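First the structure, in the form of structure tokens, and then the observations on it.
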Amino acid sequence: MDRRVRVRFAPSPTGPLHIGGVRTALYNYLFARKHGGDFLLRIEDTDQTRFVPGAEEYIIEALKWAGIEPVEGIGFGDGPHAPYRQSERKPMYKQYAMQLIEAGHAYYAFDTAEDLEGMRERLKASNVDAKYDAITRSTMKNSLTLSEDEVGKRLENGDPYVVRFKLPRKEEVKFHDEIRGWVSFNTAQLDDKVLYKSDGMPTYHLANVVDDYLMHISHVIRGEEWLPSAPLHILLYRAFGWEDVMPKFAHLPLLLKPDGNGKLSKRDGDRLGFPVFPLNWLDPNSGEKSSGYREAGYLPEAVVNLLAMLGWNPGNNQELFTIEELTEAFSLERVSKSGAKFDQNKAKWYNQQYVRKLDNKALAPILTTALINEGLASHFTAEYVEAVCGLVKEKMSFTNEIWDISKYFFQDPSAYDLGVIEKRWNEKIPALLHEIKSEIETVEEYNAAAIEGVYNQALNNHGIAGKDFLQLFRVCLTGIAGGPPLFEIANLIGKAAMRRRIEHALQEFSK
RNA sequence: GGCCCGUUCGUCUAUCGGUUAGGACACCAGAUUUUCAUUCUGGGAAGAGGGGUUCGACUCCCCUACGGGCUACCA
């Protein structure tokens, strides 16, 4: 059955989008583009009690940041199947629930929370699986046990009810998962899930099946946590008579926490010091803050790349991929079945790769922002800032480190690495520094090579080995023991800064 | 507990019955770098256990163990 590939990412706006959700969105996006299909965003907000203000906007912003943009859906221009927010589709679900009841695939249930609780306790006491199923439903208050009159009366009275799916007693439900192969369940193990809630909203199960049908979804690519409810969904397609257009299913392995086991959760990020969310998030209810990849100095291209490789591989040794290359290489067959632990080291390495490749002009605005914060922006030209970026980007892993490792390009050091001073400073140093300082004044053309020439000459004159002095000289000029090539730094900061800094170091350390 | 899914170096993974089990990150060592880092070279490091099937199993089947997911009028 060949039909247009249409996939969807369907998060619920109950908080910030988890990084695992970003990966799910990415795989959907790659799959759609690979097959020339459509990727859409649908907001699953059928649980009004869990609605969190700002969460939807967060999801949209996160996808935009990562460059995983849907062609249809909330925040992306809608499309032919609007609305894409389930709460706005509310009126259309009821008829589908009724259709199922009429066809005998579903029924009204009037049980109260206490009724359900009582049933569960009874069953538990007799050591039986406590579930609303083909057996227990005959003991509950529903349209299968109540008389037609009674049901009619209750509905007329406006008594609260839900609609439950009438699961076949014992039936093997088998389906082919695009990632896992054949998977089967027996309905005897499942329960009569609520499809339509007493507040007039559908549950996820009904809504996702109805919407996927109406939106012509061809493949459902979602997390493994949905695998157990897949048979219900398949039974729903059958009950509706939609089996011929039922989407194919692909259940993705989960992202696991780096230490120990279990699903990567919000708390792990705080505990281990890496983000589990794409963007910073401030919870409007609890006031709790969660950090995001963007603010932690990750580049979106790096996040996309590392996420792609967490659960998928190209089958060769390539590690670095642009999103275009990923699109080209991606296939569901190469998605692995087992969960992947998040590896912070690898994440850092990926980001490093992308930071280094970043154009100086692209990096400059980040540094400029820092300069503005420091009140220094007006003192330096764009060319200067870019040149600094060019020198320091080899040294950084995350873009938010840029000010810390480059501040000496913009201000004289206010503190020095004293370990290096103590180790390398001796009575011969002051004279050497004096000579370098005065010789530099005489060079005709001030550049890295000239500075190096002066430096080497002076070392020679004083009989000091470069090995013993270079790092000390670096600390005198920049305050810190590491960094880009020293003579490049000296060249950039200029003659006047050199003079000032050498003088200041002499003042500080020669007593 | 029940059901389902999974299990190759510390981590992400390649291998779709025959390989000295390959790569990447991390780690260690050496080289280069007049400093730190980079870079380069090298190194240690894996098929959960037990049964089958087969001339031959990491690969196929079964059992066990372990891990994970689900088990709501949440998604």
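The chains referred to below are lettered A, B, ... by the order of the sequence lines, with proteins before strands, and numbering in each begins at 1. Remember, predicted model here, so these are calculated numbers, not experimental data.
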When the [atom1] atoms of [M] and [N] are compared, how many Å lie between them, rounded to an integer?
N	M	atom1	result
A46(B)	U13(B)	C1'	12 Å
A31(B)	G23(B)	P	24 Å
C4(B)	A37(B)	C1'	49 Å
C40(B)	C25(B)	P	9 Å
G22(B)	A75(B)	P	48 Å
U7(B)	G43(B)	P	30 Å
G50(B)	C28(B)	P	34 Å
C55(B)	A48(B)	P	25 Å

Specify the separation, in whole Å, of atom [atom1] of [X] and atom [atom2] of [N].
X	N	atom1	atom2	value
His251(A)	C3(B)	NE2	P	20 Å
Lys170(A)	C3(B)	NZ	C1'	15 Å
Asp133(A)	C3(B)	CG	P	14 Å
Trp312(A)	A14(B)	CH2	P	11 Å
Arg8(A)	A75(B)	CZ	P	14 Å
Leu252(A)	C12(B)	CG	P	16 Å
Lys174(A)	C4(B)	NZ	P	14 Å

Can you name the atoms? Protein N/O to nucleotides 40-46 of chain B N/O, anything below 3.5 Å, with the distance.
none

Taken in chain and number order and not counting sequence neighbours, the residues that satisfy side-chain hydrogen bond (donor to acceptor under 3.5 Å, both in side chains) with Asp129(A) are none
Heavy atoms only, 4.0 Å cut-off, all strands: where does [X] land among base, sugar-phosphate and nothing?
X	result
Asn313(A)	sugar-phosphate
Val420(A)	nothing
Arg356(A)	sugar-phosphate
Gly311(A)	sugar-phosphate

Can any side-chain N or O of [X] pair as donor or acceptor with the backbone N or O of [Y] at less than 3.5 Å?
X	Y	value
Asp191(A)	Ala134(A)	no
Tyr196(A)	Gly200(A)	yes
Thr145(A)	Met140(A)	yes
Thr14(A)	Arg50(A)	no

Which of Asp111(A), Asp115(A), Asp159(A) passes salt bridge (charged side-chain N to carboxylate O under 4.0 Å, His left out) with Lys141(A)? Answer is Asp115(A)
Regarding the side chain of Glu394(A), the nearest nucleotide among C25(B), C5(B), U38(B) is U38(B)
Next item on the list: Please determine if Asp192(A) and Lys166(A) form a salt bridge, counting it only when a charged side-chain N lies under 4.0 Å from a carboxylate O.
Entry: no
Discussion item. I want to know whether Phe473(A) and Tyr455(A) have ring centres closer than 6.0 Å.
Written reply: yes
Taking the six-membered ring for Trp, are the ring centroids of Phe509(A) and Tyr416(A) within less than 6.0 Å of each other? yes
Nucleotide paired to [N] in any strand shown, Watson-Crick or G-U, under 3.5 Å:
N	result
A24(B)	U11(B)
U32(B)	none
C3(B)	G69(B)
C55(B)	G18(B)

Counting neighbours of NZ on Lys90(A) that are heavy atoms of other residues, nucleotides or ligands and sit closer than 6.0 Å, is the number greater than 12? yes
> Just wondering, are more than 12 heavy atoms of other shown residues or ligands nearer than 6.0 Å to NZ in Lys337(A)?
Replying inline: no
Can you find a donor-acceptor N/O pair under 3.5 angstrom joining the side chain of Asn127(A) to the base of G1(B)? no
For Pro11(A) and Arg42(A), the nearest pair of non-hydrogen atoms, with its separation, is CD-O, 3.3 Å
On RNA chain B, more 5' by nearest nucleotide between Ser338(A) and Pro11(A) is Ser338(A)
Taking for Lys395(A) and for Lys337(A) the nucleotide of RNA chain B with the nearest heavy atom, the one nearer the 5' end belongs to Lys337(A)
Please enumerate all protein N or O atoms sitting under 3.5 Å from an N or O of nucleotides 22-24 of chain B, with distances to 0.1 Å.
{"unit_1": "A24(B)", "atom_1": "O4'", "unit_2": "Glu319(A)", "atom_2": "OE2", "d": "2.8"}
{"unit_1": "A24(B)", "atom_1": "O2'", "unit_2": "Lys346(A)", "atom_2": "NZ", "d": "3.4"}
{"unit_1": "A24(B)", "atom_1": "N3", "unit_2": "Lys346(A)", "atom_2": "NZ", "d": "2.9"}

Sorted by chain and number, sequence neighbours left out, salt bridge (Lys or Arg N to Asp or Glu O under 4.0 Å) with Glu488(A) holds for none
d(Leu206(A) CG, Thr46(A) OG1) to nearest 0.5 Å is 10.0 Å
When rounded to the nearest 0.5 Å, the distance separating CD1 of Ile179(A) from NE2 of His176(A) is 10.5 Å
Please list each protein N or O that sits under 3.5 Å from an N or O in nucleotides 32-35 of chain B, with the distance.
{"unit_1": "U34(B)", "atom_1": "O2'", "unit_2": "Lys467(A)", "atom_2": "N", "d": "2.8"}
{"unit_1": "U34(B)", "atom_1": "O4", "unit_2": "Glu452(A)", "atom_2": "OE2", "d": "3.3"}
{"unit_1": "U35(B)", "atom_1": "O2'", "unit_2": "Gln471(A)", "atom_2": "OE1", "d": "2.8"}
{"unit_1": "U35(B)", "atom_1": "O2'", "unit_2": "Gln471(A)", "atom_2": "NE2", "d": "2.8"}
{"unit_1": "U35(B)", "atom_1": "O2", "unit_2": "Arg474(A)", "atom_2": "NE", "d": "2.7"}
{"unit_1": "U35(B)", "atom_1": "N3", "unit_2": "Arg474(A)", "atom_2": "NE", "d": "3.3"}
{"unit_1": "U35(B)", "atom_1": "N3", "unit_2": "Arg474(A)", "atom_2": "NH2", "d": "2.6"}
{"unit_1": "U35(B)", "atom_1": "O4", "unit_2": "Arg474(A)", "atom_2": "NH2", "d": "3.2"}

query: Just to confirm, is there a sub-4.0 Å distance from OP1 or OP2 of U15(B) to any side-chain nitrogen or oxygen of Arg334(A)?
result: yes
Tested for side-chain hydrogen bond (donor to acceptor under 3.5 Å, both in side chains) against Lys393(A), the lone hit among Thr399(A), Asp359(A), Asn360(A) is Asn360(A)
Write down the protein N/O and nucleotide N/O pairs, taken from nucleotides 69-74 of chain B, whose separation is under 3.5 Å; answer none if there are no such pairs.
{"unit_1": "G69(B)", "atom_1": "OP1", "unit_2": "Lys263(A)", "atom_2": "N", "d": "3.4"}
{"unit_1": "C73(B)", "atom_1": "OP2", "unit_2": "Arg164(A)", "atom_2": "NH2", "d": "3.3"}
{"unit_1": "C73(B)", "atom_1": "O2", "unit_2": "Ser198(A)", "atom_2": "N", "d": "2.8"}
{"unit_1": "C73(B)", "atom_1": "O2", "unit_2": "Ser198(A)", "atom_2": "OG", "d": "2.7"}
{"unit_1": "C73(B)", "atom_1": "N3", "unit_2": "Ser198(A)", "atom_2": "OG", "d": "2.9"}
{"unit_1": "C73(B)", "atom_1": "N4", "unit_2": "Asp111(A)", "atom_2": "O", "d": "3.4"}
{"unit_1": "C74(B)", "atom_1": "OP2", "unit_2": "Lys197(A)", "atom_2": "NZ", "d": "3.3"}
{"unit_1": "C74(B)", "atom_1": "O2'", "unit_2": "Asp47(A)", "atom_2": "OD2", "d": "3.1"}
{"unit_1": "C74(B)", "atom_1": "O2'", "unit_2": "Arg50(A)", "atom_2": "NE", "d": "3.2"}
{"unit_1": "C74(B)", "atom_1": "O2'", "unit_2": "Arg50(A)", "atom_2": "NH2", "d": "3.2"}
{"unit_1": "C74(B)", "atom_1": "O2", "unit_2": "Arg50(A)", "atom_2": "NH2", "d": "3.3"}

